[in-house]
Amino acid sequence: TLRMDSGRIYLGGTQLQGSLTGHASGQIYGLAFDVDAKTVQFYLNGAKFGDQHSWASQSQIEGAWMFPMVQKQAAGNAGRSQANFGDNPTFGGRVGLTDSIFKDASGYGTFRYQPPEVYNAICTANLPEPPLKDPGKYFSAVNYRGNGNVGRKVTTGFDPALVIIKPLNFNDHWIITGSAMGPHLYNYFTNIDWGNDPNSNNGRVFSHDRDGFSLGTWNNVNDPDDTYISYCWKGGGNSHKHNKDGDWTITPNASSINTTSGFAAIEYTGTGGGKVPHGLGVAPQWLFIKGKNTDHWFAYHSHRDGAEHYYINNNNSNPGSGIITTPTNTHIQLGNDGGICGNGTRYAMFAWAQVDGFSRMGKYIGNGNSNGPFVYCGFRPAMVFVTSTDNTGSWTLFDTTRDPHNEMDHYLHFNETQGEGSYSGLKIDFLSNGFKVRMTHNHMNGSGHDYQFVAFAESHVKYANAR
């Protein structure tokens, strides 16, 4: 902590400067933090207060969250402070509005004294433009009602390379189809082989289209008057270009790679272990694999414990297995295991790299309290799913399509066939910059338990409003 206190400046418990002007009622303090140089300059009534200071070691704050704060230390003495980050120029009516006329370096905010040159106010207007201004062009969660007609069209706004469908008002399997394997191949989140319906004889998924996907009459996806949710990711364009670069030992049979959104759908044939190229240019942080066999859905998360992998079709992990090596910027190293790279077996892999303002893969620790952890994402989420690393809870998913308002309590579990559930003990808030856990359940907030999450954006924090 770098702080000013009664005419002194401290770094932690070490005094850096003293004999400066003491605190008094009505004074206006300021600070200018240089993010690149990691330095702080304090101000008193517009003039510099002491020297510019920095942390003894840059590693102390590299990658850390930085918070401006005011703390009252003297017990029993009443006190009150008002802050102005550019939106409170009168300090709650204590200073005349005409006395506050100064702007930051970009012309934002209103301040009593002139901010130092090249410094900006803490506000979303000063955030850089996100790489994906409209996340909905790359990920879409669509709620629809079945009509039982052949060719039922569900519009997503783009050509999806991955479609995951779940019936909501009755219990039945999740349905997964991908463009790399071909939409005629479908699977459940269970350990069964891929089903093959090349002529849609059973009325399953007809096609992935330029602006969505088309369905048959199968009750899992299109029963009359039943409700469904679909989660869809855009691939590498309508042509599904097989763009794969870098070092590899296994050549994909087909792939659809979108480097903008950090998503790759890949089909390959196993060779008893090897390197599969992902073409994203940066290392994926979340992926799952399913072979054309009766093995599990294998998953990798960048915040895993050690070298373990996970199973989507249940809530179990495999500690220390090491069969999915941490991905590189070019490829994913797979071990000789029938679930991911058995010799001669076909596999579908879906991989995501983290993209600022679009996707976030991370980890948090539960506190066992209904006032649960806040998790920063850098965007207002459209969908979040979470699992524990110690097998104490299911894969639990929330989205804004089914739950447009906080508190959100309509959940789904990847590893279960039950329809949409609503339970007061499973609640979460989606915020403008992340999510807040509002439950004590082991699925998402057991005390001291580690949880991994994956989140996709509805709106970047620069443009997002709270719900």
Side-chain angles (χ1 to χ4, degrees), residues 124 127-142 155-164 176-181 183 208-213 230-248 252 254-268 276-289 300-302 327-332 348-362 376-385 399-401 433-434 453-464:
T124 55
L127 293 177
E129 286 294 324
L132 279 73
K133 192 169 183 178
D134 185 359
K137 293 182 178 179
Y138 302 90
F139 168 74
S140 179
V142 179
T155 300
T156 64
F158 54 79
D159 179 9
L162 171 62
V163 176
I164 301 177
I176 304 96
T177 68
S179 62
M181 277 280 211
H208 293 181
D209 309 321
R210 291 178 62 87
D211 59 350
F213 58 93
S230 65
Y231 304 105
C232 307
W233 288 264
K234 178 178 173 59
N238 294 327
S239 62
H240 295 309
K241 180 183 177 183
H242 299 167
N243 47 343
K244 44 195 181 291
D245 302 309
D247 175 31
W248 72 84
S255 60
S256 180
I257 300 168
N258 194 313
T259 55
T260 302
S261 62
F263 170 62
I266 300 168
E267 193 239 312
Y268 63 94
V276 179
H278 53 71
L280 296 173
V282 294
Q285 296 200 39
W286 160 250
L287 64 88
F288 55 84
I289 300 170
Y300 160 86
H301 195 288
S302 58
T328 72
N329 290 345
T330 60
H331 67 266
I332 300 157
M349 174 191 291
F350 304 97
W352 288 263
Q354 184 168 286
V355 175
D356 178 48
F358 175 71
S359 57
R360 187 89 171 185
M361 297 80 182
Y376 179 80
C377 295
F379 52 77
R380 185 178 65 218
M383 179 180 78
V384 171
F385 58 88
D399 64 74
T400 58
T401 300
N433 57 353
F453 72 90
V454 176
F456 293 96
E458 184 174 80
S459 180
H460 189 277
V461 64
K462 184 177 177 69
Y463 298 105

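Because the structure is a prediction, the values reported are computed rather than measured.
- Heavy atoms only, all atoms of each residue included: Trp248 and Val276 are closest at CB-C, 4.4 Å.
- With hydrogens and angles disregarded, no donor-acceptor distance shorter than 3.5 Å links the side chain of Gln285 to the backbone of Ser302.
- Taking the six-membered ring where tryptophan is involved, the planes of Trp352 and Phe288 are tilted, since the angle between them lies from 30° to 60°.
- Taking both residues in full, the closest heavy atoms of Pro277 and Ile266 are given as O-CD1, 3.2 Å, listed atom of the first, atom of the second, then distance.
- Of all heavy-atom pairs between Gly279 and Thr259, the closest is O-CG2, 3.4 Å.
- Looking at heavy atoms from C-beta onward, Val355 lies out of side-chain contact with Ser261 at the 4.5 angstrom threshold.
- Panel note: side chain His278, backbone Thr328; a donor-acceptor pair is recorded below 3.5 Å.
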Determine whether Trp286 and Phe385 satisfy the following criterion, ring pair (Phe, Tyr, Trp, His ring centres under 6.0 Å), listing intermediate values before the conclusion.
CA-CA 12 Å; Trp286 160 250; Phe385 58 88; 5.5 Å; yes
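- The structure places CD1 of Ile332 at 9.0 Å from OH of Tyr300, a figure rounded to the nearest 0.5 Å.
- Rounded to the nearest 0.5 angstrom, Glu458 CD and Arg380 CZ are separated by 4.5 Å.
- Judged purely by atom type and a 3.5 angstrom limit, Lys234 has no side-chain atom pairing as donor or acceptor with the backbone of Phe158.
- Asp134 places a side-chain N or O within 3.5 Å of a backbone atom of Gly136 that can act as its donor or acceptor partner.
- Taken to the nearest 0.5 Å, the CD atom of Glu129 stands 5.0 Å off from the NZ atom of Lys462.
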side-chain contact (heavy atoms from CB on, under 4.5 Å) for Thr156 and Asp209? Distances and angles first, verdict last.
CA-CA 9 Å; Thr156 64; Asp209 309 321; over 6 Å; no
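- Taking CZ of Phe456 as the reference point, atom CE of Met361 lies at 4.5 Å (rounded to 0.5 Å).
- Of the possible polar contacts, one joining the Ser230 side chain to the Val142 backbone as a donor-acceptor pair under 3.5 Å is found.
- For the pair Phe379 and Ser459, the tightest heavy-atom approach, listed with the atom from each and the gap, is CB-O, 3.2 Å.
- Looking only at distances, a side-chain donor or acceptor of Asn329 sits under 3.5 Å from a matching main-chain atom of Ala283.
- At distances below 3.5 Å, at least one donor-acceptor pair connects side-chain atoms of Thr401 with backbone N or O atoms of Ala141.
- With Asn258 contributing its side chain and Gly235 its backbone, the two residues share a donor-acceptor pair below 3.5 Å.
- What you find for Cys377 and Ala455 is that their closest heavy atoms are SG-CB, 4.0 Å.
- Here the straight-line distance linking atom CG of Asn433 with atom CZ of Arg360 works out to 10.5 Å at 0.5 Å rounding.
- Heavy-atom minimum distance, Pro160 versus Ser179: O-CB, 4.3 Å.
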Applying side-chain contact (heavy atoms from CB on, under 4.5 Å), run through Phe263 and Tyr138 and close with a yes or a no.
CA-CA 9 Å; Phe263 170 62; Tyr138 302 90; over 6 Å; no
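- Using the six-membered ring where Trp is involved, Trp233 and Phe139 have ring planes that are tilted, between 30° and 60° apart.
- Interatomic distance, CE of Met349 versus CG of Leu287, reported as 5.5 Å (0.5 Å rounding).
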